Asks: 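Got a structure for you, questions after.
Proteins come first, then strands; the chains are lettered A, B, ... in the order of their sequence lines, and each starts at number 1. The structure presented is a predicted model; accordingly, all values stated were derived computationally and were not measured.
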Amino acid sequence: MAEETTPTGVTDSAAVLDIDEEGVVDGATRRQVQREQFKLLLKSPGFLIGFSIFMFWVVASFFPGWFTTVDPKEFTPQLDIPPGSDAWFGTDKLGRDVFSRVIFGARPIMIVAPLAAGLAVIAGTLLGLAAGYYRGWFDEIVSRIAEALLSTPAILLAILIVVTFGSTDPVIIGTVAVLFTPPVYRTVRAAALSESRLDYVTSAKMRGESSLFIIAREILPNVIGVTVVEFTVRLGYAIFTVATLAFLGIKAGNATDADWGIDVSATWERIVSGSWWPTIFPALAIASLVIAVNLIADSIEEALSS
Amino acid sequence: MAFFVRRLLLSLITLAIILTMITLIPFVAPGDPARKIAGGTASPERLAQVTESLGLDASPPVQLGRAFKSVFTLDFGEAFTKPGESVVGLVSAALWKSGKLVLFALAVVLPLSILGGTIAAYKKDTWIDRLIVNVGLALSSIPEFVGGVVLLWLLGVKFEFFKISANAPQVRDGAELVDPGIITQLHHLLLPVLVVLFVYFGYIARVTRAGVINALDSDYARTAFMKGLPTGTVFRKHILRNALQPTVAVVATQLGYMLGGMVGLEIVFNYPGLGRMVVDAAQTSDYPLLRGAVVVVALIYMVATLFADLIIAWMNPRARLGGEG
């Protein structure tokens, strides 16, 4: 998918800041604004649809047994039967139940992608706050490195790094986290930068507050909306990237465990000979998950800027 | 001019950083890349030979020096898995293939997405606006390989018309094999281009929509409408020129991704572009090829964004004067 560099991202965060400006310093007003925004979010159809789909996959990844009693790894003599009453989504060429594999396949990606996105948001927020507040050489250096990482498609760098360090889950989580830190950093830095110029920061400085206090207690609460949006957006990209790595055969995983990306990669060449179900169902599962996360991200962004 | 120089300088710094990272990765990685390539049972002589040909016998600073030199001389050595073939040759062949796909894709995607975004802006907050924005958003969040296999199944298998391989087979011309005519090639590229349309329609339409809404709101647009100019003229002469600046910027920043990042797409449609070359190189530990390809993609990105800035400066003199680079 299209990778960041949205000019709109800048205007959006500016819109978020407008609201915060009204609620400057006054924590009670800010909380009230946040409550209003939350109510608005719960009324948005996009959010409700996205959240329902997302929660379905969360539940499936924790309790796959609630949805199916069939073992996703079990070979049966029913090879390659099309979807029907015996097997809702059919069976693959080894006789394994596709529905069960789709349900069980949620877990690997639901562990790796949120961890990667979470780490990226934490790192990007800390660096962004520091750079936006202190500016100077620290800002210069981190910004140049971030720009360099953004100048090459994340997927290419991911392939390069994962292949060098070995395709294990920790390496994939770390790689995706590192590659997604720059966009988070850039957004948070821009927000922190414009917050630092506001009166409440100046007055905190004059009160003699420490820099750490100002960053953590004054600026951070005002950029938290931006980081929430960033987390959901990054989560979408993380699912995208991890699934793609799995499809390319670069993500580790033994061939028998259910994994959407690996399953698509193992079966797609047989679409041409008519056996579409072992590929299309896990592919649609990936699609439903990324669309759900993007709907959530989009609704949060809209609620925050209204 | 100062703007341009500053911009160029920043690009060079960026390139230097990316080059440094790519060159130093083998040093921080566990395991010996030479051993990976030579194989676990290779003799010490063979290992030494591989180490030397990879340039890994030199110290990090020396290697870094070589890496920088390789960019200026455009010589990345020989591919490891294809002895005798230069990395530059292989990368340019793949780039040519990817370039064809991207050009054709842009020719289809740009007009449709700009039109979609303009309609959405003009019909702001109606059902048609929501449809364009939401469907576009949903489609553009799907990974290319997912869109690829779904279209392969929906269109490629059922309708003879769509070709399932993006790479048109070569035809015999006298004694040698040559690429078939342009129409045949485009015909084969149709399915992947549809996937690219999925990926970018929502994205470009959204940016265009935001730009057009901004422009429609401006005084000059209002004046133009009040002068009684026809809607089409106002859009062509006044609105799009200003509204499309963010669109130009976005397309430029996406060029590197389009050329080198659509790996899944190239694999599904069996297309020998840059993305697939990178995956193959990665899986065979062909570091010279891998580095060459990544550097080329980064270079393209930089040149494209540089050009985008220039085009925007040309479209909007204000950016030229007050731009922060």
Asks: Between B:M262 and chain A, which part of the residue has a heavy atom less than 4.5 Å away: side chain, backbone, both or neither?
Replies: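 No part of B:M262 comes within 4.5 Å of chain A.
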
Asks: Give me the atom names and distance for the closest heavy-atom approach of B:S141 to A:N294.
Replies: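 Scanning both residues completely, I find the closest heavy atoms to be CB-ND2, 2.8 Å.
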
Asks: I need the B:L137 CG to A:I291 CD1 distance, nearest 0.5 Å.
Replies: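 Between B:L137 CG and A:I291 CD1, I get 8.5 Å after rounding to 0.5 Å.
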
Asks: Measuring from B:D280:CG to A:I159:CD1, what's the distance to the nearest 0.5 Å?
Replies: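 Rounded to the nearest 0.5 Å, the CG-CD1 separation comes to 10.0 Å.
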
Asks: Any non-hydrogen side-chain atom of A:W268 less than 4.5 Å from a side-chain atom of B:L152?
Replies: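 In short, these two side chains touch, coming nearer than 4.5 Å.
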
Asks: Which residue out of A:T152, A:L149, A:I280 racks up the most heavy-atom pairs below 4.5 Å with chain B?
Replies: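 Among A:T152, A:L149, A:I280, the one with the most close pairs to chain B is A:I280.
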
Asks: With rounding to the nearest 0.5 angstrom, report the CG to CD distance, B:L15 to A:E147.
Replies: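 Between B:L15 CG and A:E147 CD, I get 12.0 Å after rounding to 0.5 Å.
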
Asks: How close do B:G261 and A:I155 get, heavy atom to heavy atom, and via which atoms?
Replies: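 The answer is O-CG2, 3.5 Å.
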
Asks: Quick check on the interface: out of B:I267, B:I204, B:V294, who has the most heavy-atom pairs with chain A under 4.5 Å?
Replies: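 Between B:I267, B:I204, B:V294, the count favours B:I267.
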
Asks: At a heavy-atom separation under 4.5 Å, does B:I13 approach chain A through its side chain, its backbone, both, or neither?
Replies: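 Side chain only.
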
Asks: Answer yes or no: does atom CZ of A:F138 have more than 12 heavy-atom neighbours from other residues, nucleotides or ligands under 6.0 Å?
Replies: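 Check passes, neighbour count above 12.
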
Asks: Would you mind checking which part of A:V264 comes under 4.5 Å of any heavy atom in chain B, side chain (CB onward), backbone (N, CA, C, O), both or neither?
Replies: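 For A:V264, the side chain is the part near chain B, not the backbone.
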
Asks: May I ask you to test the B:E144-A:F247 pair for a side-chain heavy-atom distance under 4.5 Å?
Replies: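 Of all side-chain heavy-atom pairs linking A:F247 with B:E144, none is under 4.5 Å.
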
Asks: Counting only heavy atoms not in A:F51 (residues, nucleotides, ligands), do more than 12 fall under 6.0 Å from its CZ?
Replies: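 Counting other residues, nucleotides and ligands, CZ of A:F51 stays at 12 neighbours or fewer.
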
Asks: Got a sec, which residues hit side-chain hydrogen bond (donor to acceptor under 3.5 Å, both in side chains) with A:T267, two or more places apart in sequence or on another chain?
Replies: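 Counting only residues at least two positions away or on another chain, A:T267 forms a side-chain hydrogen bond (donor to acceptor under 3.5 Å, both in side chains) with A:T279.
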
Asks: Ignoring hydrogens, what is the shortest heavy-atom contact between A:A287 and B:V146? Give both atom names and the distance.
Replies: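 Heavy atoms of A:A287 and B:V146 come nearest at CB-CG1, 4.1 Å.
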
Asks: Does the side chain to side chain contact (heavy atoms under 4.5 Å, CB included) test come out yes or no for A:L157 and B:M21, once each step is laid out?
Replies: CA-CA 10 Å; A:L157 291 177; B:M21 284 192 288; over 6 Å; no

Asks: Less than 4.5 Å to any heavy atom of chain B: does that hold for the side chain of A:L289, its backbone, both, or neither?
Replies: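 Neither; nothing under 4.5 Å.
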
Asks: I'd like to know which of B:A16, B:A293, B:A298, B:G211 tops the heavy-atom pair count under 4.5 Å against chain A.
Replies: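 Most heavy-atom pairs under 4.5 Å with chain A: B:A298.
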
Asks: Hey, which of A:V293, A:T244, A:L295 has the most heavy atom pairs under 4.5 Å with chain B?
Replies: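 Option with the greatest count: A:T244.
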
Asks: What is the minimum heavy-atom distance between A:V163 and B:A282, and which atoms define it?
Replies: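 Shortest heavy-atom separation between A:V163 and B:A282 comes out as CG1-O, 3.1 Å.
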
Asks: For the residue pair B:P143 and A:V290, what are the closest heavy atoms and their distance?
Replies: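 The pair with the smallest heavy-atom distance is CD-CG2, 4.0 Å.
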
Asks: With a 4.5 angstrom heavy-atom cut-off, which part of A:I271 approaches chain B: side chain, backbone, both or neither?
Replies: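 Both parts, backbone and side chain.
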
Asks: So what's closer than 4.5 Å to chain A heavy atoms on B:V196: side chain, backbone, both or neither?
Replies: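 Interface part for B:V196: neither.
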
Asks: Does some side-chain heavy atom of A:I286 sit less than 4.5 Å from a side-chain heavy atom of B:F145?
Replies: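 Yes; the side chains approach each other to less than 4.5 Å.
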
